[in-house]
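This report refers to the structure that appears directly beneath it.
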Amino acid sequence: LGAPRLKRNNNFIDVIKHELGHILGLGTLWVSKGITGTSEQNCPYTGQAATKEWRDLSGCSVLPTELDGGSGTRCGHWDDSTMKNELMTGYLIQGSNPNPFSRVTIAGMLDLGYPKVNYNAAVRTIVATLLPDATGGVTSETKLHPTARLHKKYCSLITITTRKTT
């Protein structure tokens, strides 16, 4: 993706914010800080602050990291199939739909050792989509308050889409 195309699709600033997140350590310092396991271990995320925000958001105990892609994507981002357009997933959602920071990413800064964060910079509305399970089970889209919880039986089926509200 070139800069003119990113500007035309209103994504240039999102890419800069995403890369600044990496410069600050999101995804790039997780292993050295002991926040994730290695790629061979499927990079489980163990940072307490981001995991707490994920648990408060979804009701699920495991914060999923990206297991697809090459070495620049795998284990260095939140899971794209779960977090969709959150800014620190490994895949950009192009177009005018924003790719905002969630409370999970902001809390990830605490896990890296930053002493203070501003949760007010996070999106306020989260849309959770429950995908059909192997038996053709539930599919729904529900607007959630950031502290709402989903039933734990849906943890393996959840996808989160962040939408900035005005």
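Residue indices begin at 1 and follow the sequence shown. Remember, predicted model here, so these are calculated numbers, not experimental data.
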Checklist entry - Do the side chain of Thr105 and the main chain of Phe101 share a donor and acceptor less than 3.5 angstrom apart? => result no
Next on the checklist: When you compare the side chain of Asp80 with that of Asp68, does any pair of heavy atoms fall below 4.5 Å?
Outcome noted: no
Checklist entry - Is Val31 reachable from Ile23 through a run of hydrophobic residues whose side-chain heavy atoms are each under 4.5 Å from the next? => result no
Checklist entry - Closest approach of Asn118 and Ile106, non-hydrogen atoms and distance? => result O-CD1, 3.6 Å
Checklist entry - Taking side chain as C-beta onward, heavy atoms only, is Tyr119 less than 4.5 Å from Glu53? => result yes
Next on the checklist: Side chains of Cys43 and Leu67, heavy atoms from C-beta outward: is any pair under 4.5 Å?
Outcome noted: yes
Next on the checklist: Applying side-chain contact (heavy atoms from CB on, under 4.5 Å), can you list everything that pairs with Leu112, at least two apart in sequence or on another chain?
Outcome noted: Leu26, Leu29, Trp30, Lys33, Ile35, Met109, Tyr114
Next on the checklist: Tell me every residue that passes side chain to side chain donor-acceptor pair (under 3.5 Å) with Asn42, counting only those two or more places apart in sequence or in another chain.
Outcome noted: Arg74
Checklist entry - If you round to the nearest 0.5 Å, how far is CD of Glu19 from OG1 of Thr28? => result 10.0 Å
Checklist entry - Can you name the nearest heavy-atom pair linking Ala122 to Ser102, along with the distance? => result CB-C, 3.8 Å
Checklist entry - How would you list, by chain and number, every residue that makes a side-chain contact (heavy atoms from CB on, under 4.5 Å) with Thr73, sequence neighbours excluded? => result Glu66, His77, Tyr91
Item to check | Interatomic distance, Glu86 atom CD to Arg103 atom CZ [nearest 0.5 angstrom] | outcome: 12.5 Å
Next on the checklist: Aromatic contact between Trp78 and Tyr45, with the criterion being ring centroids under 6.0 Å apart: yes or no?
Outcome noted: yes
Checklist entry - Side-chain heavy atoms under 4.5 angstrom apart, residues restricted to Ile, Leu, Val, Met, Phe, Trp, Tyr: same cluster for Leu20 and Phe12? => result yes
Item to check | Contacts of Thr65 that satisfy side chain to side chain donor-acceptor pair (under 3.5 Å) - sequence neighbours left out | outcome: none
Next on the checklist: Going by salt bridge (charged side-chain N to carboxylate O under 4.0 Å, His left out), name the residues that satisfy it together with Lys17, two or more places apart in sequence or in a different chain.
Outcome noted: none
Checklist entry - Quick one: side-chain contact (heavy atoms from CB on, under 4.5 Å) partners of Ala49, sequence neighbours excluded? => result Ala107, Leu110, Asp111
Checklist entry - What's the shortest heavy-atom distance between His18 and Leu87, and which atoms? => result ND1-O, 2.6 Å
